[in-house]
Amino acid sequence: MNISVRHLSKTYHNPDGTVFQVLKDVNCDISQGEVISIIGPSGTGKSTFLRILNGLETPSGGEIIVDGENILAKNYPFHKLRKRMGMVFQNFNLFSDMTVLENIIYAPCKLLHLDPETARQEGMALLRMVRLAEKASAMPDTLSGGQKQRVAIARCLAMKPEVVLFDEPTSALDPTMVGEVLSVIRQLAGDTGMTMLIVTHEMKFARDVSSRIFFMNEGLIYEDGSPEQIFERPVHSATKAFVQCIQKLVFDIDSPDFDLYGMQSDMAAFCNKYNVSDKREALTHITEEMTRVILKDYLPLHVVLSYNAHAEETTVAFMMSGLNSSPLEREDVDEIAFMMVRAMAKEIIEEPTTKGFRIKAVV
């Protein structure tokens with residue numbers, strides 16, 4: 001299936017009379033077998049673009065040409081397109097009153113008129129592919145979020161689509177379950193030759209799995225290129241700012257009676273938000289040892305927790321004003337606390353700054 005999008009736009013008219021244009025002028029060509037990740041800030045029309053491609057929303061203008069035919073033309077049979085183009089949503093949408101296997105074989109039997117036994121055999125093969133064969137008789141409510149999404153992927157594949165649209169397939173998942181879903185999509189991208197469009201906020205995944213990247217911003221495809229170009233040599237400053245985005249959480253500690261537990265709670269929420277919850281325990285221990293023991297005599301402290309999505313690096317830095325050397329080099333440093341910090345960190349960086357000294361732990 002070859003898809004050509006020309007001057008696609010979508011405008012919403014709100015009840016209060018205001019107008020919001022989510023897509024302004026989207027243009028692209030998608031060839032059979034391409035794996036395209038669509039990245040960009042929230043609210044820039046990524047999901048809307050996919051929903052229009054699949055006929056779930058009507059655009060305000062433009063054309064979508066599929067194999068030479070304009071699917072936005074009057075009376076176009078979208079039910080036929082959806083047999084060729086599957087979609088995996090954020091929130092699974094499984095039938096709660098059907099078993100896992102029944103969810104998978106329902107559409108092939110109803111729409112493709114596949115005989116039930118063949119459908120069951122193919123459904124079990126798909127469940128084995130997503131590593132859930134043992135859950136064939138289970139009900140969806142007994143599954144984890146990651147398992148539900150893997151079932152949703154298998155259900156989509158049961159229709160043998162030529163194109164699969166993934167609309168932020170991990171956004172509704174607990175961070176601990178993201179990896180299992182991405183592994184399945186990565187396997188599909190590498191093994192099937194299927195055309196895939198994936199809206200995602202997982203930058204490393206997008207870089208690893210894609211043949212092309214669309215960076216969407218302000219209702220446009222700002223930049224379209226290979227993963228190497230988008231992540232290493234972006235043309236537009238907006239693209240560069242997005243892919244190299246460093247998320248930060250800042251604390252200023254000016255009293256020994258500061259709220260350590262409150263700070264650790266905020267850090268845990270930060271880790272969950274940016275899918276680095278596996279770093280939470282190390283960050284908790286490092287922060288406590290540094291602020292309560294090693295650097296307790298160097299207040300005020302400026303503490304910065306950072307996550308660099310591009311480099312996949314999480315750090316916590318402790319900055320002290322007026323120092324020209326590292327407190328870690330003092331003879332009276334608490335050796336037990338320092339050993340604990342060393343054990344929890346991949347690397348400790350000690351560096352002077354224009355205003356003092358910084359100690360940064362890479363976790």
Side-chain angles (χ1 to χ4, degrees), residues 170 173-179 182 201-205 207 231 240-363:
T170 61
L173 302 180
D174 184 280
T176 60
M177 300 175 186
V178 169
L182 295 184
H201 290 286
E202 305 286 341
M203 293 299 101
K204 185 177 187 301
F205 169 76
R207 180 169 183 165
F231 285 98
K240 183 176 181 180
F242 181 82
V243 300
Q244 295 184 353
C245 183
I246 298 176
Q247 306 294 340
K248 292 184 177 181
L249 186 62
V250 178
F251 305 93
D252 287 305
I253 300 173
D254 54 13
S255 166
D257 299 320
F258 75 99
D259 185 0
L260 174 66
Y261 297 141
M263 182 171 75
Q264 290 176 338
S265 177
D266 290 343
M267 294 174 79
F270 179 96
C271 291
N272 288 335
K273 181 176 182 180
Y274 297 108
N275 295 328
V276 289
S277 56
D278 58 319
K279 313 289 187 183
R280 184 170 56 199
E281 183 178 357
L283 288 167
T284 297
H285 288 298
I286 289 171
T287 304
E288 183 165 5
E289 296 300 329
M290 291 292 284
T291 57
R292 284 288 178 90
V293 183
I294 297 174
L295 301 179
K296 63 181 177 63
D297 296 326
Y298 296 91
L299 302 182
L301 287 175
H302 187 64
V303 181
V304 180
L305 173 60
S306 301
Y307 172 60
N308 185 326
H310 179 62
E312 283 203 314
E313 182 178 84
T314 306
T315 64
V316 58
F318 306 87
M319 289 174 272
M320 297 144 283
S321 300
L323 295 184
N324 53 22
S325 63
S326 174
L328 301 181
E329 297 175 358
R330 291 175 55 115
E331 292 183 359
D332 60 351
V333 67
D334 190 300
E335 293 185 2
I336 295 177
F338 186 36
M339 286 175 63
M340 290 184 63
V341 170
R342 284 282 190 191
M344 290 285 180
K346 292 180 181 178
E347 182 182 5
I348 301 291
I349 300 170
E350 304 168 64
E351 54 191 5
T353 68
T354 56
K355 295 183 178 180
F357 205 89
R358 179 192 294 117
I359 299 170
K360 182 165 65 176
V362 182
V363 180

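Across all non-hydrogen atoms, the minimal contact from Ile348 to Ala361 is CD1-CB, 3.9 Å. Heavy atoms only, all atoms of each residue included: Leu301 and Tyr298 are closest at CD2-O, 3.8 Å. Looking at every heavy atom in both residues, Phe357 comes nearest to Pro327 through CD2-CD, 4.4 Å. Annotation for Arg292 and Lys296: closest pair O-CD, 3.4 Å, computed over non-hydrogen atoms. The two residues Leu299 and Asp254 make their nearest non-hydrogen contact at CD1-C, 4.2 Å.
Evaluation of the ring-ring contact (aromatic ring centres under 6.0 Å, His included) test over residues 266-289, restricted to residues two or more places apart or in two chains, returns Phe270-Tyr274.
Distance check, rounded to the nearest 0.5 Å: NZ of Lys279 to OG1 of Thr315 gives 11.0 Å. Here the CG atom belonging to Asp278 is positioned 7.5 Å from the OG1 atom belonging to Thr314, to the nearest 0.5 angstrom. Interatomic distance, OG of Ser326 versus CD1 of Ile349, reported as 12.5 Å (0.5 Å rounding). Atom CZ of Phe258 sits about 4.0 Å away from atom CD1 of Ile253, to the nearest 0.5 Å. In this structure, CD on Glu289 lies 12.0 Å from CE on Met339, to the nearest 0.5 angstrom. Remark: Glu288 CD to Ile294 CD1 distance equals 11.5 Å, nearest 0.5 Å.
Looking only at side-chain heavy atoms (C-beta outward), Met267 and Met263 come within less than 4.5 Å of each other. Side-chain contact between Asn275 and Tyr307 is absent, with no heavy atoms from C-beta onward closer than 4.5 Å. Side chains of Phe251 and Asp266 form a contact here, defined as non-hydrogen atoms less than 4.5 Å apart.
Here the side chain of Thr284 pairs a donor or acceptor atom with the backbone of Arg280 at under 3.5 angstrom.
Contacts of Phe242 classified as ring-ring contact (aromatic ring centres under 6.0 Å, His included), with partners at least two apart in sequence or in another chain: Phe215.
Each of Glu350, Glu351, His302 was scored for a side-chain hydrogen bond (donor to acceptor under 3.5 Å, both in side chains) with Arg358, with one residue passing: Glu351.
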Run the numbers on Leu295 and Ile359 for side-chain contact (heavy atoms from CB on, under 4.5 Å), then give the verdict.
CA-CA 10 Å; Leu295 301 179; Ile359 299 170; 4.2 Å; yes
